[in-house]
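Heads up: the structure comes next, in structure tokens.
Given the structure is predicted, the values throughout are model-derived calculations rather than measurements. Order of listing sets the numbers, starting from 1, for every ligand and every atom in it.
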Amino acid sequence: MINNVKVELGERSYPIAIGTDILSDLGKRIKEFGFSRVAILSNPKVFHLYGERVTDSLEREGLKANVVVVPDGEEYKELLWVYYIYGEILKQRLDRGSAIIALGGGVIGDMAGFVASTYMRGISFIQVPTTLLAQVDSSVGGKTGVNHAIGKNMIGTFYQPRLVWTDVGTLKTLPRREFLAGIAEVIKYGVIRDQMLFSYLETHRQGMLDLESEVLGYIITRSCEIKSDIVSRDEREGGLRAVLNYGHTIGHAIETATGYTVYLHGEAVAIGMLIEARLSAALGLIGEEEYGRIRSLINSYGLPTDLSRDVVVERILSSMELDKKAVAGSLRFVLPEKIGTVSIRSITDRDIIAKSLNPY
Ligand SMILES: NC(=O)c1ccc[n+]([C@@H]2O[C@H](COP(=O)([O-])OP(=O)(O)OC[C@H]3O[C@@H](n4cnc5c(N)ncnc54)[C@H](O)[C@@H]3O)[C@@H](O)[C@H]2O)c1
């Protein structure tokens, strides 16, 4: 089975292929582009698991696979390591007709995209995402970037890949906590755009947790369809794309306030979605029943729903106020109106936000 989704962006359009055990077919697909050279960017853990499958498939097609490995971790998503990668691919003689293949999660994908967008004024890149978060979110849409000591993802570009090649089989080796964190983003797509996806997540919980290929294929394809539709209409976050921030306004503030050490990104988003749903209920936009469904679904996947009591609400509020998306005196939130529909609202009443943050 291979599902295909297209991101429509004129001459920069690209396909997303989603299938099971398709890593070994990557070489055949890449050959069609006629790249002069290719280099794989990965980390030791992912390369150990899947590197051979990818290099073999390239070599079967007569493509020499150059490899660049960077250490595993968010802390290496920074300019020093970008400089290291430039050096390696210069030595490997990648030129304007070459491509970089990102084999890994969002960290590798973001760095590979950033390098590809700046190396020799831009070369091709291909996403081969291996975490659920990368398969449903970061590999699609063309946001690339690295962190700066002063802020996460502050240095970056918009640069679309030529192809996204998603093998759902790679999720079998993903640590469970990382997998569950990725589900938070899928729940987000359900709430913002697709009540059928939301219901599917309610009824196929066991299939999801057992990593059934058909179930994963469906939810990843649907998530990519939703994201690609939004990105096609608003590539650079001029308006509509902001709906993808549901759960993220508060999620980011939670990550900052807790120094990125307590929650994985998806876990912070899960709490953020619940708080924003509570805010929506406080404003009378959604009823108790829909709020309860969102809460139960997040809970049923073992994701956190509430801030632990030692997290200081005041710190989260001030971190939101300092956020690059805050507009003087008011905070903008993506709020559910019912499952599958959201609206963007500016809120000036600090008390109502504080109350939603702290239900105790
Ligand atoms: N560009 C975007 O639009 C966008 C969107 C969301 C997040 N992001 C970025 O994505 C990053 C987070 O991505 P992530 O959650 O994928 O984290 P990650 O890339 O750090 O991967 C998580 C862990 O899983 C390991 N791993 C990856 N695939 C594996 C597999 N198949 N089997 C076993 N282990 C595997 C990795 O080595 C790592 O230790 C952040 O830097 C975030 O800023 C970008």
Please identify which atoms of ligand 1 are closer than 4.0 Å to at least one heavy atom of [X].
| X | answer |
| --- | --- |
| Tyr50 | 31 (N) |
| Asn43 | 36 (C), 37 (O) |
| Asn153 | 43 (O) |
| Glu178 | 22 (C), 23 (C) |
| Leu49 | 32 (N), 33 (C) |

Considering heavy atoms of the protein only, find what lies nearest to [atom] and give residue, atom and distance to 0.1 Å.
| atom | result |
| --- | --- |
| atom 12 (C) of ligand 1 | Leu133 CD2, 3.9 Å |
| atom 25 (C) of ligand 1 | Lys45 NZ, 4.0 Å |
| atom 6 (C) of ligand 1 | Asp137 OD2, 3.5 Å |
| atom 16 (O) of ligand 1 | Thr131 OG1, 2.6 Å |
| atom 42 (C) of ligand 1 | Lys77 NZ, 3.9 Å |
| atom 40 (C) of ligand 1 | Glu74 OE1, 3.2 Å |

Using only heavy-atom distances, determine whether the side chains of [X] and [Y] contain a donor-acceptor pair under 3.5 Å.
| X | Y | value |
| --- | --- | --- |
| Ser343 | Glu337 | yes |
| Ser98 | Asp95 | yes |
| Gln160 | Tyr14 | yes |
| Glu276 | His248 | no |
| Tyr159 | Thr118 | no |
| Tyr301 | Arg205 | no |

As a quick check of understanding, evaluate salt bridge (Lys or Arg N to Asp or Glu O under 4.0 Å) for Glu288 and Arg295, giving each step before the final call.
CA-CA 10 Å; Glu288 274 303 310; Arg295 185 179 185 92; over 6 Å; no
May I ask you to identify, for [X], whether its side chain, its backbone, both or neither come under 4.0 Å of ligand 1 on a heavy-atom basis?
| X | value |
| --- | --- |
| Leu171 | neither |
| Lys143 | both |
| Leu264 | neither |
| Pro175 | side chain |

Where the closest heavy atom to [atom] is concerned, which of [options] has it?
| atom | options | answer |
| --- | --- | --- |
| atom 39 (O) of ligand 1 | Val140, Asp72, Thr144, Leu174 | Asp72 |
| atom 18 (P) of ligand 1 | Asp110, Asn147, Val269, Val107 | Val107 |
| atom 5 (C) of ligand 1 | Pro71, Ser138, Gly105, Gly142 | Ser138 |
| atom 33 (C) of ligand 1 | Val46, Leu244, Thr173, Val231 | Thr173 |
| atom 11 (C) of ligand 1 | Ser42, Gly266, Gly106 | Gly106 |

Below 4.0 angstrom, N of the basic side chain to O of the carboxylate: do [X] and [Y] qualify?
| X | Y | answer |
| --- | --- | --- |
| Asp25 | Arg60 | no |
| Arg350 | Glu314 | yes |
| Arg233 | Asp229 | yes |

Report the relative orientation of the aromatic rings in Tyr86 and Tyr83; use parallel for angles under 30°, tilted for 30 to 60°, perpendicular for over 60°.
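Perpendicular.
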Has ligand 1 got any nitrogen or oxygen that is less than 3.5 angstrom from a nitrogen or oxygen of Thr130?
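N/O-N/O distance under 3.5 Å: yes.
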Check whether any N or O atom of His265, backbone or side chain, sits under 3.5 Å from an N or O atom of ligand 1, and answer yes or no.
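Between His265 and ligand 1, no N or O pair is found under 3.5 Å apart.
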Given the rule that I, L, V, M, F, W and Y join up when any side-chain heavy atoms are under 4.5 Å apart, are Leu23 and Val69 in one cluster?
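Yes, same cluster.
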Shared ILVMFWY cluster between Met273 and Leu335, side chains joined below 4.5 angstrom?
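No, it is not one cluster - the side chains of Met273 and Leu335 are not joined through contacts under 4.5 Å.
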Any Lys152 heavy atom less than 4.0 Å from ligand 1:
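Right, Lys152 reaches ligand 1.
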When you measure from the heavy atoms of Gly73 to every atom of ligand 1, does any distance fall below 4.0 Å?
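It does not, in that no heavy atom of Gly73 comes within the 4.0 Å cut-off of ligand 1.
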Just one of Ile298, Leu297, Val215 clears the side chain to side chain contact (heavy atoms under 4.5 Å, CB included) bar with Leu201, so which one?
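Testing Leu201 for a side chain to side chain contact (heavy atoms under 4.5 Å, CB included) against Ile298, Leu297, Val215 leaves exactly one candidate, Leu297.
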